[in-house]
Amino acid sequence: HARLGQWPQPQEILEHEIAANTNTTRAVTLRRQLAEVAEKAGATMQARKTLKEAAEAAKGTAMEPAAWRRLSASQEPVK
């Protein structure tokens with residue numbers, strides 16, 4: 001759906017999965033996917049907010065450094 005520019009449907013699916021999820025790894029992965037969908041739809045601020053949530057969810061795990069790097073990369077100007 002995201003490839004077709006249909007932002008609301010993949011957003012709803014991913015948000016539903018995030019809400020129903022209790023696994024940290026899955027929570028981080030789903031948030032990163034949601035951020036990617038938002039970026040592709042041109043919703044940059046939403047993507048950054050979601051990446052921040054992913055980084056916070058990853059706190060204390062092996063995924064934390066990568067999550068913060070991904071958030072930092074999303075804030076760099078496009079070259």
Evaluation steps, salt bridge (Lys or Arg N to Asp or Glu O under 4.0 Å), between Glu36 and Lys40: CA-CA 6 Å; Glu36 185 177 315; Lys40 288 180 180 178; 3.2 Å; yes
Those residues that, when tested against Glu53, pass salt bridge (Lys or Arg N to Asp or Glu O under 4.0 Å) (two or more places apart): Arg31, Lys49
CD on Glu39 to CZ on Arg32, rounded to 0.5 Å: 10.0 Å
Donor-acceptor under 3.5 Å (Arg70 side chain, Leu51 main chain): no
Pairing of Lys52 and Glu56 as salt bridge, 4.0 angstrom limit: yes
Side chain to side chain contact (heavy atoms under 4.5 Å, CB included) partners for Leu14, two or more places apart: Leu30, Gln33, Leu34, Val37
Which atom of Thr50 lies closest to which atom of Ala35, heavy atoms considered: CG2-N, 3.9 Å
Set of side chain to side chain contact (heavy atoms under 4.5 Å, CB included) partners for Thr25, sequence neighbours left out: Asn23, Thr29, Met63
Ala55 versus Ala67, closest heavy-atom pair with distance: CA-CB, 3.6 Å
Set of side-chain hydrogen bond (donor to acceptor under 3.5 Å, both in side chains) partners for Glu64, sequence neighbours left out: Trp68
Shortest non-hydrogen contact between Ala57 and Thr24, atoms and distance: O-CG2, 3.3 Å
